[in-house]
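Data block below; observations after.
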2 protein chains.
Amino acid sequence: MELTERKKKILRAIVENYIQTAEPVGSKVLSAMPGMDCSSATIRNEMADLTQMGLLEQPHTSAGRIPSPAGYRLYVDELMQDYRLSVDETQSLNQAMELKLQEVDKVISQVSKMVSKMTNLPAMAMTAAANAPTVKRFDLIMAGEGSFILVIMTSGDVVKNRLIKLPLTCTEQDLKLLAAVLNASCTDLTPDSFTPELLERVSRSAGPAGALVPLVLDYATHVLSQQAKSEVYVSGQMKLLGQPEYRDIDKAQEVLSSLDGETLSNLPATMADIAGTQILVGPENIAKELKDTSVVMTRFDIGDGMQGLIGVVGPTRMDYAQVTARLSYFAENLGRMFAKPELPPSQGEE
Amino acid sequence: MELTERKKKILRAIVENYIQTAEPVGSKVLSAMPGMDCSSATIRNEMADLTQMGLLEQPHTSAGRIPSPAGYRLYVDELMQDYRLSVDETQSLNQAMELKLQEVDKVISQVSKMVSKMTNLPAMAMTAAANAPTVKRFDLIMAGEGSFILVIMTSGDVVKNRLIKLPLTCTEQDLKLLAAVLNASCTDLTPDSFTPELLERVSRSAGPAGALVPLVLDYATHVLSQQAKSEVYVSGQMKLLGQPEYRDIDKAQEVLSSLDGETLSNLPATMADIAGTQILVGPENIAKELKDTSVVMTRFDIGDGMQGLIGVVGPTRMDYAQVTARLSYFAENLGRMFAKPELPPSQGEE
DNA sequence: CTTTAGCACTCTTTGCTTCTGAGTGCTAAT
DNA sequence: ATTAGCACTCAGAAGCAAAGAGTGCTAAAG
């Protein structure tokens, strides 16, 4: 059967109406719509065709039609019209984006909160390093009271530090020597290269402070692995309850349970594949628990080979156009923000 | 009317049964309980008395009794028996507590997740500084590529850093001088003492690197204010939905909405007053939205004048004994953990 | 004087039936 | 090809009776 223009028009109308009302759409309301120049009977015939083509379904015989997943797919791919952000919206988005100078982690968690707020749906945000991070530079600062500060700068220009108590007495000179040795031998290495042999070699050549080497490399390993690990933040889970399809708590819980870290942590794997915004409708989804929901996500680049992902989860019947527009805007600006940071030049983090 | 031993016994039985079943308790089941050596009729009489005394209530005439808020209060204060953690429980708590060396912030957020998991209820965790933090020490490290790392150690021995691009050329000597000046004039001061005059005086005496002073103090202010601000983490909101009293989504949402930062941020104010574990039953609660719920919270000390608070939110009918025991155990160990950190001596954070 | 058995009464819950209305599919006329 | 008309279906609301749980009170028993 052919998908005529009129059929498309009807499908679009059904999808959009259903998105708004969450109620099955009947032939009568459709025929009453402006621009629909035919009777309800004609529309019924068309709807029967669309149902046969697998684009619509009927909850039960005496109800109107709702879009099937395939129907949504078609709508999203071909029928959906771009949603234009209003001035008000861009303004409040901009306002929300005024993130203070903060650690990447915090920015990400805040972003997930903001996205959730803007879309009124549960949102997730995460980052992942594209290539394994390494240490770019070690610094050891004497801090009095028998302790020193270990400062590590990673390949992503992220700086982390830690106050460590000295297990032995040690002069500033000793620390300087150790730092020099570390910078010579342990930079640009992934954690798995920190072999016991390396460790011993370094400690020997580092003089009195050599005993600190394990502590230092331990922390380095910790920092690097944290850096590599993408942390996932999920916010606004409760927003899901506002959606009529999740008035049933069990359903909501099922969906939300799959958002608890586990499932999402293997998302970054797919991340590289995503170009721009991706919309997963119902059964196409990541996890089987999400088969009745949709996920919309957008990638953005942080620079330094890092990528980020923001997305929302909602009923299949969500306003894709609007959500997509907002996510893209967000992602774009985040990318820009990370690319050329605020003027009093700063980069990396604490 | 007098509160006889038997009345107490009955009240306790009712509370505990109701905690388990979430159903009103009738005279018949009570009389059938082991240790109840009287008929259902007698119990009915006693229950009528307890109701009159305001310790019990009846959802409707033909239902059993449930404890009133006052009844809970009495139970919590006098009747509740300590819940002893089983070996299994302490073990899994210990296991959960094996927090990796991490920032205070992250520990706190993780703690809230753990508490929620252990109690199966929404949990919150937060910290607050008892006295205004100050900078204890500045360090400036040349980092090549025309940038330097600013390292700040605060009064709480927390170390924060930030990579800053140099807006001008500047030698390592210049930075050293600047650090010396800053350490001489700007330590032990709260951010509000960073007046324009101070700023100017310092920049003048700091030689070539004087132009960096605003950047440095800006960041210091940021760090200190972040330190002073207590961040609240709430986890496991969805857990509330597992409780039968919140099957009604609107109710759940109402309660959870009051957990979104705002309400909780003025909790720290009361924090000082809390000794050990505090149980707020229904109407005694912090926010009016919580009038049908209970909050249990425990304070712990982090050292350096910092305090933390962990707590859970749940139905008035929650297992106070168990929750209290778990919270206390948690708090105790957290306190210990912060007091004398892991052996390879470390303290403070990144 | 306290306890208990017995009983009438109340009120929620549950299951059932009926009714209503929205929406369909089909047929016949335009 | 479109449309009007009509019989048919089915979910949801409304109404109702029966069941069951639990109470309060009274009167007898310890």
Side-chain angles (χ1 to χ4, degrees), chain A residues 1-11 13-15 17-18 20-33 35-68 71 244-245 247-248 251, chain B residues 1-11 13-15 17-18 20-68 71 244-245 247-248:
Chain A
M1 194 167 323
E2 230 208 311
L3 191 61
T4 63
E5 266 319 303
R6 193 171 63 188
K7 282 195 173 62
K8 284 187 188 172
K9 191 153 101 186
I10 291 177
L11 178 56
I14 291 179
V15 172
N17 189 297
Y18 184 60
Q20 291 307 320
T21 63
E23 302 272 313
V25 190
S27 55
K28 211 162 161 192
V29 282
L30 281 175
S31 75
M33 283 182 173
M36 281 298 174
D37 306 318
C38 47
S39 76
S40 66
T42 314
I43 294 196
R44 272 205 292 286
N45 289 330
E46 295 285 52
M47 290 203 298
D49 290 351
L50 286 167
T51 306
Q52 212 199 320
M53 293 162 79
L55 298 173
L56 293 179
E57 10 189 86
Q58 256 178 315
H60 52 261
T61 347
S62 71
R65 301 298 212 289
I66 63 174
S68 72
E245 26 272 280
R247 300 291 312 186
D248 178 13
K251 224 170 186 174
Chain B
M1 191 167 327
E2 232 208 310
L3 191 61
T4 64
E5 267 318 305
R6 193 171 62 188
K7 282 196 173 58
K8 285 187 187 172
K9 191 153 100 186
I10 291 175
L11 177 57
I14 291 178
V15 173
N17 188 299
Y18 183 59
Q20 291 307 321
T21 64
E23 303 272 312
V25 191
S27 55
K28 212 161 161 192
V29 283
L30 281 175
S31 76
M33 283 181 172
M36 281 296 173
D37 306 316
C38 48
S39 76
S40 67
T42 313
I43 295 196
R44 271 204 294 285
N45 288 331
E46 295 285 50
M47 290 203 298
D49 289 353
L50 286 166
T51 306
Q52 212 199 320
M53 293 162 78
L55 298 171
L56 294 179
E57 12 188 84
Q58 257 177 314
H60 52 261
T61 347
S62 72
R65 301 298 212 289
I66 63 175
S68 72
E245 26 273 279
R247 301 287 319 186
D248 178 13

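Basis for what follows: all heavy atoms, side chains included, without hydrogens, waters or symmetry-related copies. Below, chains carry the letters A, B, ... as their sequence lines are ordered, and counting in each starts from 1.
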Atom CD of B:Glu5 and atom C1' of C:dT2 are separated, to the nearest Å, by 18 Å

Note: A:Leu50 and A:Lys7 closest approach over all heavy atoms is CD1-O, 3.9 Å

Give a yes or no answer on whether the side chain of A:Ser27 reaches the backbone of A:Arg44 with a donor-acceptor pair at less than 3.5 Å.
no

Residues within residues 33-50 of chain B bordering DNA chain D, heavy-atom distance below 4.0 Å:
B:Arg44, B:Met47

Rounded distance in Å - CD (B:Glu2) to P (C:dT2):
12 Å

Is the phosphate of D:dA21 approached by B:Arg65 (side-chain N or O, under 4.0 Å from OP1 or OP2)?
no

So, with a heavy-atom separation below 4.0 Å from DNA chain C, the residues of residues 23-32 of chain B are none

For nucleotides 7-11 of chain D, tabulate all protein N/O to nucleotide N/O atom pairs closer than 3.5 Å, reporting atom names and distance.
residue	atom	partner	partner atom	Å
D:dC10	O2	A:Ser62	OG	3.2

Tell me the interatomic distance from A:Glu57, atom CD, to C:dT24, atom C1', rounded to whole angstroms.
17 Å

Considering only residues two or more places apart or on different chains, which pairs with a residue in residues 56-67 of chain A satisfy side-chain hydrogen bond (donor to acceptor under 3.5 Å, both in side chains)?
A:Thr51-A:Arg65

Pairwise distance CD1(B:Ile43) to CD1(B:Ile10) - rounded to 0.5 angstrom
5.0 Å

Sorted by chain and residue number, the salt bridge (charged side-chain N to carboxylate O under 4.0 Å, His left out) partners of B:Lys8 (sequence neighbours excluded) come out as B:Glu5

Heavy-atom pair of closest approach, residues B:Pro67 and B:Leu56
CA-CD2, 3.9 Å

Might you confirm whether atom NZ of A:Lys251 has over 12 heavy atoms from other residues, nucleotides or ligands at distances under 6.0 Å?
no

Which pairs with one or both residues in residues 29-39 of chain B pass side-chain hydrogen bond (donor to acceptor under 3.5 Å, both in side chains), sequence neighbours excluded?
B:Ser39-B:Thr42

B:Gly35 backbone acceptor or donor facing B:Lys9 side chain under 3.5 Å:
yes

Closest heavy-atom pair, B:Ile66 versus B:Tyr18, reported as atoms and distance to 0.1 Å, is CG2-CE1, 3.6 Å

